[in-house]
Every structure is written in C-alpha cells, then in structure tokens.
Amino acid sequence: MITLTKLKGDTITINAIYIERIESFPDTTITLTNQKKLFVKETEDDVKEMVTKFYKQIGLYQLQREVGEQGNES
C-alpha cells in the first residue's frame, strides 16, 4: 500500500498493484485498473519510487522486472 496526497490535502492509501498508469498533466494523474482516476500532489517520479518500494516490500519487484523484460523481447 502507498499513501498519497490528494490535491485538496486529504491523504489516501491505495494498493499499488491496481495502478495501471501514472501521468503528469501537469497534476500527477493515476489511473487504476478499474479506470478510476486519482489526482495527487506527489510527482510522477515520487509515485514510481513509492510503487517500486512497495513491490520490493511484498516481494514482487523481481517478478515485475522479469515480466517487463519478457515483454521487451518482441
């Protein structure tokens, strides 16, 4: 789980596994796998760093890297 700050200042904790896409428009926009969008104060790089740390904590980081490498072999 990662904790983010909404634009109005409230915090929200989400399961990073459900993040499909992170973009900057210029606000950081997170699209979840259910297509719900979250707008947060953290930068895109900060969110990516939090997600990587979360994946390492739960033991999915290496798996995520291996799956990504297999997808790049085409």
Side-chain angles (χ1 to χ4, degrees):
M1 305 287 269
I2 61 172
T3 301
L4 302 166
T5 309
K6 293 182 179 182
L7 296 180
K8 291 187 178 185
D10 299 332
T11 59
I12 184 169
T13 302
I14 64 169
N15 187 335
I17 292 172
Y18 295 113
I19 294 176
E20 181 177 305
R21 184 171 54 242
I22 306 167
E23 302 167 288
S24 298
F25 293 128
D27 295 325
T28 304
T29 305
I30 298 171
T31 305
L32 302 176
T33 56
N34 64 2
Q35 299 308 305
K36 181 176 180 178
K37 294 189 183 294
L38 302 172
F39 303 94
V40 298
K41 289 185 177 182
E42 289 79 9
T43 66
E44 187 173 340
D45 288 338
D46 288 343
V47 176
K48 288 177 186 177
E49 187 176 311
M50 285 185 231
V51 169
T52 299
K53 182 178 177 183
F54 172 71
Y55 278 14
K56 286 179 180 179
Q57 286 175 336
I58 63 171
L60 284 181
Y61 183 71
Q62 187 60 33
L63 176 64
Q64 180 261 345
R65 288 186 61 201
E66 290 172 5
V67 169
E69 289 170 2
Q70 289 176 2
N72 291 332
E73 292 176 0
S74 336

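Because the structure is predicted, anything quoted here is derived from the model rather than measured. Counting from 1, the numbers follow the sequence of the chain as shown.
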**Report entry** Residue pair Glu49, Lys53: steps toward the salt bridge (Lys or Arg N to Asp or Glu O under 4.0 Å) verdict
**Finding:** CA-CA 6 Å; Glu49 187 176 311; Lys53 182 178 177 183; over 6 Å; no

Report summary line: When Ile12, Val40, Ile2 are each screened for side-chain contact (heavy atoms from CB on, under 4.5 Å) with Ile30, the one that passes is Val40

Can you tell me how far the [atom1] atom of [X] sits from the [atom2] atom of [Y], to the nearest 0.5 Å?
X     : Y     : atom1 : atom2 : answer
Leu32 : Tyr18 : CG    : OH    : 10.5 Å
Leu4  : Thr13 : CG    : OG1   : 8.0 Å
Met1  : Ile58 : CE    : CD1   : 10.5 Å
Leu38 : Ile19 : CG    : CD1   : 8.0 Å

For [X] and [Y], which heavy atoms make the closest approach, and how far apart are they?
X     : Y     : answer
Glu23 : Thr31 : OE1-OG1, 4.3 Å
Lys48 : Ile22 : CG-CD1, 4.2 Å
Tyr55 : Ala16 : OH-O, 4.0 Å

Requested in this report: Verify, without hydrogens or angle tests, whether Thr28 (side chain) and Glu42 (backbone) share a donor-acceptor contact under 3.5 angstrom.
Outcome: yes

Query raised in the report: Side chains of Arg21 and Lys37: closer than 4.5 Å at any heavy-atom pair?
Result: yes

